[in-house]
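Quick notes on the structure that follows.
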Amino acid sequence: MRLSRYLVPTLKEIPAEAESLSHRLMLRAGLIRQLTAGAYSYLPLGWRVLRKIEQIVREEMDSIGSQELYLPALQPLDIWNETGRADVMDEIMFKFQDHKGRWMCLGPTHEEVITELARAYVHSYKDLPQQWYQIQIKFRDEVRPRGGLIRTRQFTMKDAYSLSTSQEDLDDWYMKNRQAYSNIFTRSGLRYFIVGAHSGPMGGSGSEEFMIPSDSGEDMIIICDDCGYLANLEIAMSKINHRGKLDIPMEDVETPEKRTIEEVAGFLGVPESETMKSVIYMLLPDEQPLLILIRGDLDVSEAKLEMALKGQEYRPAHPEEIKEMSGAEPGFIGPVGLKRDDIRVIIDDSIPDGVPFIGGANKDNFHTKGVTRGRDFDGESFDLRVAREGDQCSHCDSALRHEKAIEVGHIFKLGTKYSDSMGAMYLDENNIEKPIIMGCYGIGIERIMAGAIEVNSDENGIIWPMSIAPYQVIILPLDKRNEEIWEKAEEIYGKLWDAGIETLLDDRDASPGFKFKDADLFGIPIQIILGKRALKSGNAEVKVRKTGERTDVSLQSLLSDPVGSLPWLNDPTLSEPKE
RNA sequence: CGGGGAGUGGCGCAGUCCGGUUAGCGCGCCUGCUUUGGGAGCAGGAGGCCGAGAGUUCAAAUCUCUCCUCCCCGACCA
């Protein structure tokens, strides 16, 4: 492609809207343009990168025997009502009525459509196993799009769905996809972590996320450098050191207007870790009260709570309900002396038997010292707390650290959640009807692009890994009016394309400095610089964007054997992440 | 959804508090001449219902009201 006729609007100044590194560089390098919040036009250079990524994804999915198909983004709301997810995903679904008044939506994901397909075509164990995938657009009316392509309302996802007859076969598909994902991210020049994750509204028994460490990420992952434990902060485990057991009697102390843990601990002159936090929720749909107890200095992980409750829904209790139950204002609630006997109590294991804590007295302006589990109250034990940086690893006792990360892939063992609710059944060898066991596996295509930029750039611009670079080579004739330079540039350009090397020719009438700056900004891995100096000696100058290394290569060999004279084309280190 | 910030040629901004010439500057764009190894110089140009609507006023980018949009933090989120 000739740059003079190419839509690559590079910017010298950074648009004010861009905050994250990848967003700034994508705008500056002319890869994308925002149309509205969370929706971007992909300009030619950006689109080429996305297509490269898709191709890598396609090859790896095909290689594990996954079949590519294409499902509609336009979907009737009915199928979402079958699984009950019309309600669960209500907030993020783009919904509207067609001209007949039927409710439709733009698919935020495709489990329902896939299950409908399976229900229609899979009837026998002989039809299984199967894995189907697509590379398709998703629509999610995100409350807050952010970070350029990190979170958008319209994006491309590779989503795959495995259909199995047994848990073992699901496990097998899960591992195959896991391996394919590892290949995809490695080939795309990304350094990634696989972390244990929370399944959320997808449901199912287990899931893992593929994470690229980056300050622009929205997720927090917990890392143990010693034993390699990795998990999303939402579900990360950590070890708790308990104080010694002590048998002291309960004693009410006056704590006027001290409601928060911080206020109470400060007022009584004790560390927050010697206090106990009590939170009351109402379980739905029965309105059964739920008391959650956790050490005062720790926080409850919503994801862990959701798992402890096995997905049962809940809501925060109203202040009147709390008052009725405890006889005190919120801020003075504790586990001892509550006025409801149907209350369910779940306790984080930061509150062990025999260790006294300071808790609410269920009496306005009073707390109780010496409240002790096992003696004064008890309940179900769970790990509910959010792990903190510096906490001990639950596997090896080393200190945990955390890091921000971009989620680029997520794999789930769904089980029979969708096949049960939508009736996707098959007959087994014994003529018994069974639900199909499903898995689903997603990759965010744009996030790979954004992630690759986050990880591979310097102060001058993007440094594309060779594997996903929009072009491998850019030719920079520095003096357009020097006919010899111009002719050589054209000649090399033609030869490179003949040899199958994707090449850009900067044929713009611009100053050398301008071309250098743009070439660095674009991040094309190999620059071929044609100036008078080099030409005099019969050489072109080859600059490797990633290393800055410059080498003279004879024009003769470039023309006769382009691939052979550019060994960098096949240098694997140019497809690896920096450092 | 809570908090904060911002809408002025394609991009970055000034002007707004304190109303008053043809609304400025830089980048980019067009024409000409010069220039050519790290975002060239000079000269001459084109391009703006100042986010939208209503109001106040002799007069509104500027004051008032309503609305819309975008960004950031948080909550939320395959």
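Chain letters run A, B, ... following the sequence lines, proteins first and then strands; every chain starts at 1.
There is no side-chain donor-acceptor pair under 3.5 Å between A/T416 and A/S419.
Between B/rG19 and B/rC50, the distance separating the two C1' atoms is 15 Å to the nearest Å. Between B/rC17 and B/rA6, the distance separating the two P atoms is 15 Å to the nearest Å. Comparing B/rG24 with B/rG9, their P atoms sit 14 Å apart, to the nearest whole Å. For B/rC72 and B/rG55, the P atoms lie 36 Å apart once the distance is rounded to whole Å.
Side-chain contact between A/S164 and A/I436 is absent, with no heavy atoms from C-beta onward closer than 4.5 Å. At least one side-chain heavy atom of A/D383 sits less than 4.5 Å from a side-chain heavy atom of A/D348.
Ring-to-base geometry does not place A/F514 in a stacked arrangement with B/rG39 (centre distance under 5.5 Å, plane angle under 30° required).
Using a cut-off of 4.0 Å between Lys/Arg side-chain N and Asp/Glu carboxylate O, A/R2 and A/E490 are scored as salt-bridged. Salt bridge present: A/D159 and A/K138 bring a charged side-chain N and a carboxylate O closer than 4.0 Å. A salt bridge does not link A/D509 with A/R481: none of the charged nitrogens is closer than 4.0 Å to a carboxylate oxygen. A salt bridge links A/R315 with A/E321: the closest approach of a Lys/Arg side-chain nitrogen to an acidic carboxylate oxygen falls below 4.0 angstrom. Note on A/K543 versus A/E549: no salt bridge recorded, every NZ/NE/NH1/NH2 to OD/OE distance being 4.0 Å or above.
Side-chain N/O atoms of A/R151 and base N/O atoms of B/rC77 include a donor-acceptor pair closer than 3.5 Å. Counting distance only, with no hydrogens placed and no angle test, the side-chain atoms of A/D520 and the base atoms of B/rG38 include a donor-acceptor pair under 3.5 Å. Scanning atom types as modelled, one donor and one acceptor separated by under 3.5 angstrom connect the side chain of A/R28 and the base of B/rG39. You'll find a donor-acceptor pair under 3.5 Å spanning the side chain of A/R550 and the base of B/rG38, going by distance alone. You'll find a donor-acceptor pair under 3.5 Å spanning the side chain of A/E13 and the base of B/rG26, going by distance alone.
Proximity of residues 531-538 of chain A to RNA chain B (heavy atom under 4.0 angstrom from any strand atom) is restricted to A/G531, A/R533, A/A534.
Among the protein residues, A/G461 comes within range of no part of the nucleic acid, since none of its heavy atoms lies under 4.0 Å from any strand. Within the nucleic acid shown, A/K515 has no heavy atom closer than 4.0 Å to any nucleic acid atom. Using a 4.0 Å heavy-atom criterion, one finds that A/E209 contacts no nucleic acid atom at all. Nucleic acid contact for A/P9: none, since no nucleic acid atom lies under 4.0 Å from a heavy atom of the residue. Among the protein residues, A/E541 comes within range of the nucleic acid bases, having at least one heavy atom under 4.0 Å from a base atom. Within the nucleic acid shown, A/N482 has no heavy atom closer than 4.0 Å to any nucleic acid atom. If you check every strand for non-hydrogen atoms under 4.0 Å, A/I14 touches sugar and phosphate atoms only. Using a 4.0 Å heavy-atom cutoff across all strands shown, A/D159 reaches no nucleic acid atom at all. Among the heavy atoms of the strands lying under 4.0 Å from A/F155 is at least one base atom, whether or not backbone atoms are also near.
Across all strands shown, B/rC29 pairs with B/rG45; the Watson-Crick or G-U wobble distances both stay below 3.5 Å. Base pairing of B/rG37 is not made with any nucleotide, judged by Watson-Crick or G-U wobble geometry with both donor-acceptor distances under 3.5 Å. Figure legend. B/rC76 is base-paired to no nucleotide; pairs are counted as Watson-Crick or G-U wobble with both atom distances under 3.5 Å. B/rC70: Watson-Crick or G-U partner is B/rG5, with both key distances under 3.5 Å.
Considering only side-chain atoms of A/A37, the nucleotide from B/rC77, B/rC73, B/rC71 that sits closest is B/rC71. Side-chain atoms of A/K12 lie closest to B/rG28 of the nucleotides B/rG28, B/rG38, B/rG37.
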CA sep, side-chain torsions, deciding dist, call: A/D458, A/K546, salt bridge (Lys or Arg N to Asp or Glu O under 4.0 Å): CA-CA 9 Å; A/D458 63 15; A/K546 183 176 179 176; over 6 Å; no

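Each of A/L521 and A/R144 was matched to the nucleotide of RNA chain B holding its nearest heavy atom; the match closer to the 5' end belongs to A/L521. The residue among A/E19 and A/R508 whose nearest nucleotide of RNA chain B is located toward the 5' end is A/R508.
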